Amino acid sequence: MAGDKFGKGHHLHLVDGSAFIFRAYHALPPLTRKSDGLPVGAVSGFCNMIHKMIEGNTGPDAPTHAAVVFDKGSHTFRNDMYDQYKANRDEMPEDLRPQIPLTREATRAFNLACLELEGYEADDIIATLARQAREAGGRCTIISSDKDLMQLVGGGVEMLDAMKNLRIDSEGVEAKFGVGPDRVVDVQALAGDSVDNIPGAPGIGVKTAALLINEYGDLETLLSRADEIKQPKRRETLIEFAEQIRLSKRLVTLDTETPIEVTLEELEVKDPEPGPLMAFLAEMEFRTLTRRIAEQMGVEAPEIADTPAPVAEGAPEAVPFNHSAYEIVRDMAALEAWIARAHAVGYVAVDTETTSLNEMTADLVGVCLSTEAGLACYIPVGHREGGDDLFGGEKRVDGQLPLTDVLNALKPMLEEPSILKIGQNMKYDAKILARYGVDVAPIDDTMLMSYAMHAGLHGHGMDTLSDRYLGHQPIPIKSLLGSGKSQITFAEVGIADAAPYAAEDADITLRLWQQFKPALHRAQVTTVYETLERPLVPVLARMEMAGIKVDRDTLSRMSNAFAQKMAGLEHEIHALAGTPFNVGSPKQLGEILFDQMGLEGGKKGKTGAYATGADVLEDLAAQGHDLPARVLDWRQLSKLKSTYTDALQDHINAETGRVHTSYSIAGANTGRLASTDPNLQNIPVRTEEGRRIREAFIAEPGKVLVSLDYSQIELRILAHIAGIDALKQAFREGQDIHAITASEMFNVPLDEMTPDVRRQAKAINFGVIYGISGFGLARNLRIPRAEAQGFIDRYFERFPGIRDYMDATRDFAKSNGYVQTLFGRKIHTPEINAKGPKASFAYRAAINAPIQGTAADVIRRAMIRMENAIEGCPARMLLQVHDELLFEVEEDAVDDLIARAREVMEAAADPAVQLSVPLTVDAGQGANWAQAH
DNA sequence: ACGCTCACG
DNA sequence: GACGTACGTGAGCGTA
């Protein structure tokens with residue numbers, strides 16, 4: 001019979017592989033491979049199920065042909081029909097994702113045909129093959145319990161629930177749906193399916209649907225005669241939702257004509273070959289299964305090492321760096337070859353070279369790709385002759401492909417969902433390419449991988465990472481561009497010099513990725529990377545590109561006013577000093593105050609200069625000295641003018657009229673973002689004079705700025721983490737948290753609370769978040785140290801949970817070298833076991849990091865979900881200021897935006913973390929940021 | 001390049 | 001018992 005055409009007497013088994021995987025994943029604990037921590041629980045379960053199935057395939061029902069069928073990709077033709085199809089499905093768990101390709105390998109290792117088809121679900125392939133088997137006169141058994149497949153039963157096709165070992169034939173289907181297999185889709189179309197998000201007819205379930213179909217024969221007859229139905233509700237539903245029901249039917253109906261390129265004859269059952277199967281099982285390190293199958297096959301089980309592989313930190317690279325091996329791409333054939341390489345391996349490291357570090361204005365000069373360690377190319381597109389002539393007519397260097405040709409060729413690859421684009425600080429490259437109409441996705445980012453694994457240990461720039469993890473020092477960019485005044489742009493660097501530098505960056509990035517990818521699992525920060533780092537990249541890129549409108553005239557007027565006031569103050573200060581000096585020089589000011597004028601309390605810092613900080617000057621001013629008081633005023637104005645009203649004007653983009661900040665994702669150790677060029681996270685707000693600078697941040701005509709900020713988020717997180725019932729209750733009841741603290745500490749009833757007592761309690765609450773010390777609190781409250789210590793003692797007495805939290809956090813940091821946020825972010829504290837003041841710093845940072853970091857995680861989650869949540873609302877998210885999000889919204893959509901954004905922010909911890917305190921969000925709106933805040 | 005000062009959360 | 005401190009950032013300025 002072997003080799004015969006499939007037909008009578010043959011029996012095809014079709015396994016719903018994707019269902020196997022999910023069942024295996026959920027049934028088993030999260031096993032990991034011992035040598036490197038790769039998650040393999042689902043693969044293990046999958047192999048056991050396949051093995052068990054093969055073992056049981058004896059006797060008259062044994063298959064002559066078989067295949068395991070998988071879903072491929074998440075987008076199918078059904079999504080084109082209905083964008084909500086399966087839209088309520090959760091994302092695939094992060095530790096399952098890397099196991100998916102391994103299950104394909106497992107299938108092949110068992111010598112089973114492995115089928116999948118882009119754009120189709122496994123069910124469609126199964127439907128197609130089952131139809132072919134039936135038409136050929138053979139039998140077919142579908143190994144699955146998915147009711148969506150029941151429409152295929154009949155005419156020699158049956159289903160088998162492998163778990164319950166239950167065969168389902170036409171009668172079984174009728175028992176389940178109340179109709180025969182041929183009418184299953186009609187019933188499903190009416191009943192809908194919440195799991196797959198099939199809408200169906202509202203209020204009609206399987207029972208009613210079967211009743212109706214049995215009465216009218218089929219769905220179309222039912223719908224055309226819907227007006228005959230007696231029950232008014234039912235009648236109206238069927239008439240009103242007729243189209244939705246028809247759509248549902250199309251969604252549940254399986255495609256029996258998928259273009260699968262395999263013949264039934266090719267699916268003939270073959271015995272597993274010991275070689276490849278043993279090799280795969282051993283590679284997965286499945287000890288028990290390897291031994292058992294080896295015994296059954298009568299072969300020797302391969303040896304599986306029992307020790308974790310050594311961590312290759314700082315190990316020398318396997319492939320040496322060879323700059324002359326990099327290719328300069330100068331023709332389309334070479335470019336196409338590189339694109340083909342990316343398609344072949346499914347990933348590619350990408351790096352762009354540009355004329356400046358400002359992504360909003362930089363021009364593309366070249367693109368680098370790497371698909372393999374040591375193998376990289378440079379594609380020059382924007383090199384120009386240096387030293388432009390008198391007419392400014394810079395000439396394009398010869399030997400470069402036209403920019404548009406290169407972009408047209410690269411765009412499909414850079415946007416191809418099945419090719420992973422790897423970058424170091426990919427937000428930069430993505431923004432550059434976005435300006436050339438390329439939407440890079442999906443991405444991985446070695447900087448963010450390092451941040452997830454190594455926050456607190458070292459920086460995450462390419463040079464640091466290359467040195468540390470590849471033992472290689474990259475070519476310094478300075479050697480190409482020079483520095484200072486004579487610095488040139490990358491466009492002016494000769495292609496021959498540029499290529500090794502540029503291609504090397506892609507090579508390094510790829511090598512780092514190869515090393516970091518498995519290390520991410522070992523460090524158990526995959527979820528942090530996948531949910532808190534990587535998805536933030538496109539969100540921030542869009543915020544930065546949106547920018548915020550800043551009114552130059554407002555700033556300019558303020559600058560002039562500040563300049564006038566400063567001149568007056570400067571005059572007074574010089575008069576008071578009796579001599580002109582540079583008020584902006586702390587050194588000169590210190591000498592004037594403490595040497596010349598002989599004021600008390602001059603303290604020199606480590607550089608030998610007097611300290612003249614605001615606290616020092618305030619003390620002197622409080623003693624009645626005018627000069628330091630004037631200097632304080634002058635300094636405030638000077639700060640506002642130079643840092644804000646002047647500098648901000650230089651950041652207004654000529655094309656957009658807006659200011660585009662850049663957020664560093666891996667800048668702050670705790671998970672907070674940092675804003676640079678310019679920093680829009682420290683625009684003044686605390687003093688009235690400074691606050692007015694926010695009036696220059698405005699909405700476009702017809703739009704409004706809306707600010708939403710978390711109320712007391714860090715204290716709420718502290719109350720949750722440390723489990724302080726009194727504080728948690730106060731938050732639940734929406735009470736004044738500082739007043740409650742004061743009341744508890746000083747035994748003052750709430751209605752007798754004075755502002756001063758409340759202020760002290762507030763300082764203590766914040767002190768706790770910062771890793772409180774008597775010295776620090778004393779300085780902040782300007783009270784004697786002993787008194788401050790007394791406050792702290794009383795606070796710990798009243799809220800012993802705080803002390804427990806601090807002790808537990810310190811102990812954890814000491815034994816693990818890091819602390820964690822509620823979402824699993826790790827912040828390393830390498831100096832916690834040092835001696836001296838360093839340890840004190842590390843201790844306080846360790847106390848603070850889980851609280852600040854958890855708050856940072858929360859708002860990151862909100863930002864990542866925000867774009868979906870406000871879709872359709874004419875609004876854009878512009879800025880993040882740690883606990884605040886600023887939006888620009890069309891006037892008539894303000895209330896809608898506030899409602900939606902608030903909902904996302906308040907629920908941002910769910911479902912990963914169930915906070916025992918509510919998160920609440922305050923909202924404001926106005927024509928400018930001062931009003932909105 | 002580095003420290004000081006000060007803006008924010 | 002002494003040490004030197006509130007946590008996390010970035011920018012502009014003066015000084016070396």
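Model, not experiment: these values are computed from the prediction. Each chain gets a letter, A, B and so on, in the order its sequence line appears, and its residues count up from 1.
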Give every donor-acceptor pair under 3.5 Å between a side-chain atom in residues 761-774 of chain A and any protein atom, sequence neighbours left out.
unit_1	atom_1	unit_2	atom_2	d
A:Asn765	OD1	A:Tyr795	OH	3.0
A:Asn765	ND2	A:His738	ND1	3.1
A:Asn765	ND2	A:Thr741	OG1	3.0
A:Ser773	OG	A:Gly776	N	3.0

### Task
Return the set of residues passing salt bridge (Lys or Arg N to Asp or Glu O under 4.0 Å) with A:Arg861 (not counting sequence neighbours), or none when no residue passes.
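Once residues adjacent in sequence are excluded, A:Arg861 has no partner under the salt bridge (Lys or Arg N to Asp or Glu O under 4.0 Å) criterion.
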
### Task
Kindly indicate whether the side chain of A:Ser840 and the base of C:dT5 share any N or O donor-acceptor pair separated by less than 3.5 Å?
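Donor-acceptor pair under 3.5 Å: no.
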
### Message
Any donor-acceptor pair, under 3.5 Å, between the side chain of A:Arg844 and the base of C:dT5, if you only look at N and O atoms?
### Response
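Such a pair exists between side chain and base.
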
Considering only side-chain heavy atoms of [X], which listed nucleotide, [options], is closest?
X: A:Arg694; options: C:dG8, C:dA6, B:dC8; answer: B:dC8
X: A:Ala668; options: C:dT9, C:dA6, B:dA1; answer: C:dT9
X: A:Arg779; options: C:dA6, B:dA1, B:dC8; answer: C:dA6

### Message
Between A:Arg902 (side chain only) and A:Val921 (backbone N and O only), is there a donor and an acceptor less than 3.5 Å apart?
### Response
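At least one qualifying donor-acceptor pair exists.
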
### Query
Any sub-3.5 Å donor-acceptor pair from A:Ser450's side-chain atoms to A:Met453's backbone N or O?
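The answer is no, because no donor-acceptor pair under 3.5 Å joins these two groups.
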
### Query
When A:Glu544 is tested against each of A:Lys431, A:Arg658, A:Arg876 for salt bridge (charged side-chain N to carboxylate O under 4.0 Å, His left out), which residue passes?
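Answer to the salt bridge (charged side-chain N to carboxylate O under 4.0 Å, His left out) test with A:Glu544 among A:Lys431, A:Arg658, A:Arg876: A:Lys431.
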
What is the nucleic acid contact for [X], judged by heavy atoms within less than 4.0 Å: base, sugar-phosphate only, or nothing?
X: A:Ile769; value: nothing
X: A:Gln636; value: sugar-phosphate
X: A:Asp883; value: sugar-phosphate
X: A:Ala763; value: base
X: A:Phe841; value: sugar-phosphate
X: A:Arg691; value: nothing
X: A:Arg686; value: base
X: A:Leu673; value: nothing
X: A:Ala614; value: sugar-phosphate

### Message
Between B:dC6 and C:dA6, how far apart are the two P atoms, rounded to whole Å?
### Response
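One P to the other, the span is 14 Å.
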
### Task
With C1' as the reference atom in both, quote the distance from C:dC3 to B:dT5 in angstrom, rounded to an integer.
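Approximately 25 Å lies between the C1' atom of C:dC3 and that of B:dT5.
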
Hey, can you pull the donor-acceptor pairs under 3.5 Å for the side chains in residues 612-623 of chain A, sequence neighbours left out?
unit_1	atom_1	unit_2	atom_2	d
A:Thr612	OG1	A:Arg635	NH2	2.9
A:Glu618	OE1	A:Arg782	NH2	3.1
A:Asp619	OD1	A:Arg782	NH1	2.7

### Query
Aromatic ring centroids of A:Phe812 and A:Tyr818 under 6.0 Å?
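Yes, they do, as the ring centres are separated by less than 6.0 Å.
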
### Message
I need the single residue from A:Leu822, A:Leu919, A:Thr854 that forms a side-chain contact (heavy atoms from CB on, under 4.5 Å) with A:His720. Which is it?
### Response
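When A:Leu822, A:Leu919, A:Thr854 are each tested with A:His720, the side-chain contact (heavy atoms from CB on, under 4.5 Å) holds only for A:Leu822.
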
Report the distance from atom [atom1] of [X] to atom [atom2] of [N], rounded to the nearest whole Å.
X: A:Tyr795; N: C:dA6; atom1: OH; atom2: C1'; answer: 14 Å
X: A:Arg860; N: B:dG9; atom1: CZ; atom2: P; answer: 19 Å
X: A:Leu617; N: B:dC4; atom1: CG; atom2: C1'; answer: 12 Å
X: A:Glu884; N: B:dG9; atom1: CD; atom2: P; answer: 8 Å
X: A:Ile693; N: B:dC6; atom1: CD1; atom2: C1'; answer: 12 Å
X: A:Phe775; N: C:dG1; atom1: CZ; atom2: P; answer: 20 Å
X: A:Glu689; N: B:dC6; atom1: CD; atom2: P; answer: 15 Å
X: A:Trp929; N: B:dC8; atom1: CH2; atom2: P; answer: 11 Å

### Query
OP1 or OP2 of C:dG4 sitting under 4.0 Å from any side-chain N/O of A:Ser773?
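No, A:Ser773 has no side-chain N/O under 4.0 Å of OP1/OP2 on C:dG4.
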
### Task
Using a cut-off of strictly less than 4.0 Å, decide whether A:Arg635 has a side-chain nitrogen or oxygen near OP1 or OP2 of B:dC6.
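So the side-chain polar atoms of A:Arg635 do come within 4.0 Å of the phosphate oxygens OP1 or OP2 of B:dC6, strictly under.
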
Between [Y] and [X], is there a side-chain donor-acceptor contact under 3.5 Å, judged purely by atom types and distance?
X: A:Asp595; Y: A:Tyr610; result: yes
X: A:Ser559; Y: A:Asp646; result: yes
X: A:Ser707; Y: A:Gln925; result: no

#### Entry: Residues from residues 817-838 of chain A lying under 4.0 Å of DNA chain B - heavy atoms
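Residues of residues 817-838 of chain A under 4.0 Å from DNA chain B: none.
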
#### Entry: A:Asp736/A:Arg758 salt bridge by N-O under 4.0 Å criterion
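A salt bridge links A:Arg758 with A:Asp736.
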
### Task
Taking atom NE2 of A:His571 as the centre, report whether more than 12 heavy atoms of other residues, nucleotides or ligands fall under 6.0 Å from it.
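Count not over threshold, so no.
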
### Query
Can you tell me if CD on A:Glu600 sees more than 12 non-hydrogen neighbours from other groups inside 6.0 Å?
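Not more than 12 within 6.0 Å, no.
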
### Message
Return a single string for nucleotides 11-16 of chain C, one symbol per nucleotide in 5' to 3' order, where B is base contact, S is sugar-phosphate-only contact and - is none, cutoff 4.0 angstrom on heavy atoms.
### Response
BSSSSS

### Query
How would DNA chain C look in dot-bracket form, 5' to 3', counting Watson-Crick and G-U wobble pairs with both distances under 3.5 Å and writing | for bases paired to another strand?
......|||||||||.

